[in-house]
Each structure stands twice: as C-alpha cells, then as structure tokens.
Amino acid sequence: MQIVIIGAGTFGASLAWTLARAGEDVVLVDQFEPGDRRATSGGESRLIRCSHGGDALYTASARRARALWRELEAECGEELMVEIGMAWFAQREDGWEAESERAMSAQGIPCERLDPADAAKLFPSLGTDDLEFVLYEPEAGVVRAQRAVQALARQAVAHGARLVRGRALPDGDAAVITGSAAAAASCGAMGAGEQRLEGDAIVWACGPWLNGLFGELVPLSVTRQELLFFDGGPAWRSPGVPGWVDYDLAMYGTGDLDELGVKAALDREGPPLEPDADLPAAGATEQEVRAYLARRFPGLAGAPLKEGRCCRYELSADSNFIAARHPELDRTWILGGGSGHGFKHGPALAERVSDALRGGKPLPERFGLGARAVGRSFRTAGSGAP
Ligand SMILES: Cc1cc2nc3c(=O)[nH]c(=O)nc-3n(C[C@H](O)[C@H](O)[C@H](O)COP(=O)(O)OP(=O)(O)OC[C@H]3O[C@@H](n4cnc5c(N)ncnc54)[C@H](O)[C@@H]3O)c2cc1C
C-alpha cells in the first residue's frame, strides 16, 4: 500500500513508523521538523500511565504503547521512556483512582493502594490531610516526547519512509504540498513549488490544525496551556521522585527529570489559542500552581521558578481521540484529538489505525467524526466535565 501521512507528531510519526516497518510505502509530511515546539508533541516530557478510570480500552492501549515505546528504544538505542512511577492522589474512596485500580488489576497491570503515610515516603514532602489513599503505578513514568517523535520519524525513514517538509492542503483524496524542497523540484502541472501527493490512503494527523482543515467534521477546541518548572534542588530529582496526578484538583507534574526542574501544571482548559499564533510567554497560572504546591508539597513552597512554557491542547468534547475515515472521501482518514492525554498512546493507536487502513478491525465508534456530547475527561477533571 502507498500511504501519505500529513503530520509528524506522535500520532502521524507513530503511524509512519508502524506502517514502514510493516513494509508499506510511506510518505510523511510536516510543515516543521519533527519535534518542533509549535506542535503539541513538541514538549520535553509527557506522562505515560495506564490509569484511565474504569475505561478498559485506554488502559490496555497505554499498556500496549509502553511495550511499543520499548521496541522503539531498542531500535534506536536511546532511552526515551523513564519509569519514574506515578502517584494518584485520591480525595475520595469512589473516584477515578478506585476505578483505575480495578481496571488495571483486571488487566494484570501493576498498581498499589498506599495509605497516605506510606505515600508520603515517596516525596521529600507531601501534604496528605485531604487524601483517602494514593494509587501508585510503579511502571508508569515519562516519555521524552520531543526526542521520541524525532526517533519515530527517523526510524520510519530507516524502514524506507520518505520525509517531506512542507505545508499540505486537502484536494479531494490527495494533498497539495507547498513550501518544501521536494515540492519545489516537482512543479509538473501544479503551481511553482507545489506537489500533489496521492496514495491508497491519506491520513491527516494534524493535531490542533485539523479543525481548520476539516471544519465541523473535527470540532476541536484549541487552548493555551502552561507547564511550569521549579528549582527544588537535588532532593526532587526523578527518577527517585515519582510523577503525580491530582485528578480532582486538575494538577499534575513530575520530579526534576533531566535537570529541567520540578514540573507542575494546572490542567484546567486555558483560553483559546489559534494553531498558527505564536506561543505566548508563560506565567498566567503561576499563582494558582504555587498555591497548590504549598499545600501538596510544602517543601516546594517558595521554590524559584526555573522556566515556564506555553503549548496547545486540541480537545475533543469528550476527550476521546479521533480516528476515522472521511465520510465522503474514500481514501482520506483523519487522526487526532489527543485531548491532553494522547502522547503516550501514539504507537498503540497507530497499530489500530494501520490495521483499519489495511482492511482489518474497524476503528472504535467513539473515535468517529462530527459533534460529540461533553464527556468525562481522560486527563483530569479540570475540563469541567462531569
Ligand atoms: C502541556 C501539555 C501536556 C500534555 N501532557 C501529556 C501527558 O502527560 N501525557 C500524554 O500522553 N499526553 C499529553 N499531552 C497531549 C499530547 O501531547 C497530545 O495529545 C499529542 O502530542 C498530540 O499529537 P498529534 O500528533 O495529534 O499532534 P501534533 O503533535 O500537534 O502533531 C501534528 C503535526 O501536524 C503538522 N501539521 C499540521 N497541519 C499541517 C499541514 N497542513 N501540513 C503539514 N503539516 C501539518 C504539525 O506541524 C505537527 O507537527 C499534553 C499536551 C500538552 C500541550
């Protein structure tokens, strides 16, 4: 099969790697270099965890992805995933954490229920007054996101894929590419510097740009989010200190990995931010994040801010991914809607999509196109969803 993939974020580059190593003929197109900071996949680190409340599909997908990230590491010889462990702070007996515990146990995925006093030993300091228990996932951790996307694209090329730099627009069941060296060399019937790419399938994995390309078929909200990095000193280094998520309070973070600083982020949906707009300076969430840190990790109260970064979420209404065939264009597929939790799933979702493209198992209905009702968030409860 000949497959054209537009977008080399975790979804598109994972698909390119998966298909190219299965021997398919792949062209991967991106307007930027893989790992560029303007793409949602362009951050230094992303959490990988199997907890997804009671949802068996995402639980299994994250576990499968973990195995596939390890396969990618073995191919490229880089450490891309660091198992620092993950602590889920449960304020309720019957919340997301208890559901996650049941779903993971049913699939044989290691997890442990810790009482707050034991959980406190995982961190240099931990405020536990409001906690019922802590769910600990020892095999969860972090993927070095930017490097992982670069490795996916590189390995796809090593398996025979062609990487093209340029901006694509849909034209029926094809893509017209502008602005690439390859396009400039092949004017043909197209305008100068344009190239038309067709294949047995064309997959648009364009992250926050999908809505602009396909309108109401892909109703995503694109929002501005912040990541803050604090100087906690050597005691807060990861591995050593685990990652953590406070689902009900919409906060998450990690210890200091790769000397970037202790990462802490407010997960509530930020204001709208156009996909092509410059990423603004971070800082708008600092006060709220600091107030949370002082309560949850008293040792970090007053820690100097090392750096703040802005990035974009592309959110579907129910935080389910989008992976489906276009209703009118037989060879056109749309892949995206990572909704703030998609990175880790890249290679596992790619396996599903690759199977569907080749006539195998259909994609889950909940990944379908068009409007969706608001649903519970697979990220944290910060979206305001029930
Ligand atoms: C702050 C933050 C924290 C997050 N934390 C986590 C986490 O802890 N764990 C987790 O699993 N996930 C997390 N996510 C979510 C995850 O990063 C995203 O779901 C995922 O990266 C989306 O990948 P993508 O491939 O769909 O999109 P992108 O990475 O945006 O890739 C799309 C690509 O398409 C290209 N493109 C777009 N339009 C065109 C065009 N017309 N022509 C050519 N190229 C085009 C872009 O240049 C881009 O490279 C987080 C996201 C953010 C922003």
Side-chain angles (χ1 to χ4, degrees), residues 4-16 28-50 52 58 61-62 65-66 69 86 140-143 145-146 148-150 152-153 164-170 175-180 183 197 203-214 218 220 222-228 243 245 252-254 263 265-267 269-270 273 275-276 279 282 285 308-316 319 321-323 334-346 348-350 378-380:
V4 177
I5 301 166
I6 314 295
T10 186
F11 286 173
S14 292
L15 185 61
L28 176 62
V29 180
D30 204 293
Q31 59 192 345
F32 309 137
E33 292 299 321
D36 190 286
R37 217 174 260 298
R38 290 165 286 185
T40 314
S41 304
E44 273 87 2
S45 69
R46 296 287 186 256
L47 302 180
I48 175 162
R49 38 85 182 183
C50 292
H52 283 82
Y58 286 110
S61 170
R66 175 178 172 273
W69 288 119
M86 183 117 23
V142 163
V143 183
Q146 191 174 43
V149 165
Q150 289 162 349
L152 286 166
V164 171
R165 175 97 185 254
R167 183 130 179 173
L169 273 180
V176 174
I177 318 292
T178 52
S180 72
L197 292 176
V203 182
W204 295 84
C206 296
W209 286 266
L210 275 177
N211 178 249
L213 295 170
F214 294 100
V218 193
L220 294 171
V222 179
T223 61
R224 164 194 164 157
Q225 306 298 141
E226 287 194 355
L227 296 169
L228 302 180
V245 183
Y252 69 93
T254 66
K263 173 168 152 179
L266 171 63
D267 205 16
E269 284 170 30
L273 182 63
D276 282 320
L279 288 169
T285 60
R309 302 254 169 82
C310 256
C311 43
R312 288 179 185 85
Y313 274 163
E314 65 289 309
L315 299 160
S316 67
S319 83
F321 303 150
I322 295 166
I334 297 174
L335 179 59
S339 302
H341 71 109
F343 193 93
K344 69 185 86 52
H345 295 278
L349 181 61
F378 290 109
R379 214 169 68 241
T380 68

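Remember, it's 1-based here, ligands and their atoms both numbered in the order they're listed. Positions are given from 1 along the sequence.
In this structure, Leu220 and Pro208 have side chains that are not in contact, with every pair of non-hydrogen atoms separated by 4.5 Å or more.
The backbone N or O of Ala350 sits nowhere less than 3.5 Å from a side-chain atom of Ser14 that would complete a donor-acceptor pair. Arg49 places no side-chain N or O within 3.5 Å of a backbone atom of Met86 that could act as its donor or acceptor partner. Of the possible donor and acceptor atoms, one in the side chain of Thr10 sits under 3.5 Å from a partner among the backbone N and O of Phe343. Judged by distance alone, with hydrogens and angles left aside, the side-chain atoms of Ser339 form a donor-acceptor pair with the main-chain N or O of Ser316 at under 3.5 Å. The main-chain N or O of Gly338 is never found under 3.5 Å from a side-chain atom of His345 such that the two would form a donor-acceptor pair. Counting only distance, with no hydrogens or angles, the side chain of Gln146 and the backbone of Gly43 share no donor-acceptor pair below 3.5 Å.
Here the protein heavy atom with the shortest distance to atom 23 (O) of ligand 1 is Ser41 OG, 3.1 Å. Residue, atom and distance of the protein heavy atom nearest to atom 47 (O) of ligand 1 are Asp30 OD1, 2.6 Å. Scanning the protein heavy atoms around atom 5 (N) of ligand 1, the nearest turns out to be Arg46 CD, 3.3 Å. The nearest protein atom to atom 39 (C) of ligand 1, hydrogens excluded, is given as Cys206 SG, 3.8 Å; this is a heavy-atom distance. Looking only at heavy atoms of the protein, atom 26 (O) of ligand 1 is closest to Phe11 CD1, 3.3 Å. In terms of protein heavy-atom proximity, atom 34 (O) of ligand 1 is closest to Gly7 CA, 3.2 Å. Taking atom 42 (N) of ligand 1 as the reference point, the nearest protein heavy-atom neighbour is Ala168 N, 2.9 Å. Among protein heavy atoms, the minimum distance from atom 31 (O) of ligand 1 is reached at Gly9 CA, 3.4 Å.
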How far apart are the C-alpha atoms of Val203 and Val4, what are their side-chain angles, what is the distance that settles it, and do they pass the side-chain contact (heavy atoms from CB on, under 4.5 Å) test? CA-CA 6 Å; Val203 182; Val4 177; over 6 Å; no

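Rounding to the nearest 0.5 Å gives a distance of 8.5 Å between CD of Gln150 and CD of Glu33.
For ligand 1, the polar-atom distance check finds an N/O of Thr10 within less than 3.5 Å of one of the ligand's N/O atoms. In terms of polar-atom proximity, Trp209 is not counted as a contact of ligand 1, lacking any N or O under 3.5 Å from an N or O of the ligand. Remark: ligand 1 and Gly342 share an N or O pair separated by less than 3.5 Å (distance only, no angle test). Residue His341 has at least one N or O atom closer than 3.5 Å to an N or O atom of ligand 1. Of the polar atoms of Lys344, at least one N or O is found under 3.5 Å from an N or O of ligand 1, judged by distance alone. Residue contacts with ligand 1: Trp204 is placed with no nitrogen or oxygen under 3.5 Å of a nitrogen or oxygen of the ligand (distance criterion only).
Residues satisfying the side-chain contact (heavy atoms from CB on, under 4.5 Å) criterion with Leu279, sequence neighbours excluded, are Leu273, Cys310, Arg312. Here Arg224 pairs with Glu226 under the salt bridge (charged side-chain N to carboxylate O under 4.0 Å, His left out) rule; sequence neighbours left out.
The aromatic rings of Tyr58 and Phe321 sit perpendicular to each other, their planes meeting at more than 60°, with 30° as the lower class boundary.
The shell of residues lying under 4.0 angstrom from ligand 1, judged by heavy atoms, excludes Gly43. Heavy-atom distances between Tyr252 and ligand 1 reach below 4.0 Å in at least one pair. Not a single heavy atom of Ser14 sits closer than 4.0 Å to an atom of ligand 1. Remark: distances from the non-hydrogen atoms of Glu226 to ligand 1 are all 4.0 Å or more.
Listed by number with element, the atoms of ligand 1 under 4.0 Å from a non-hydrogen atom of Cys311 are 1 (C), 2 (C), 53 (C). Atoms of ligand 1 found under 4.0 Å from any heavy atom of Pro208 (numbered from 1 in listed order, with element): 30 (O). The atoms of ligand 1 that sit less than 4.0 Å from any heavy atom of Ala205 are 32 (C), 33 (C), 34 (O). Interface atoms of ligand 1 facing Tyr313, defined by a heavy-atom separation under 4.0 Å, are 2 (C), 50 (C), 51 (C), 52 (C), 53 (C). Taking every non-hydrogen atom of Gly338 and a distance limit under 4.0 Å, the qualifying atoms of ligand 1 come out as 19 (O). Within ligand 1, counting atoms from 1 as listed, the ones closer than 4.0 Å to a heavy atom of Leu47 are 7 (C), 8 (O), 9 (N), 10 (C), 11 (O). Annotation for ligand 1: atoms under 4.0 Å from non-hydrogen atoms of Glu314 are 18 (C), 19 (O), 22 (C). Of all the atoms in ligand 1, the ones that sit under 4.0 Å from a non-hydrogen atom of Gly166 are 42 (N), 43 (C).
Nearest heavy atoms, Lys344 versus Trp69: O-NE1, 2.9 Å. The minimum heavy-atom distance between Ile6 and Cys206, with the atom names listed, is O-SG, 3.6 Å.
Here Ile6 has side-chain heavy atoms under 4.0 Å from ligand 1, and that is the only part of it that gets that close.
Figure legend: Arg165 and Phe32 shown without cation-pi pairing, the cationic atom not lying both under 6.0 angstrom from the six-membered ring centre and within 45 degrees of its axis.
The pair Glu44-Lys263 fails the salt-bridge criterion, with no side-chain N (NZ, NE, NH1 or NH2) lying under 4.0 Å from an Asp/Glu carboxylate O.
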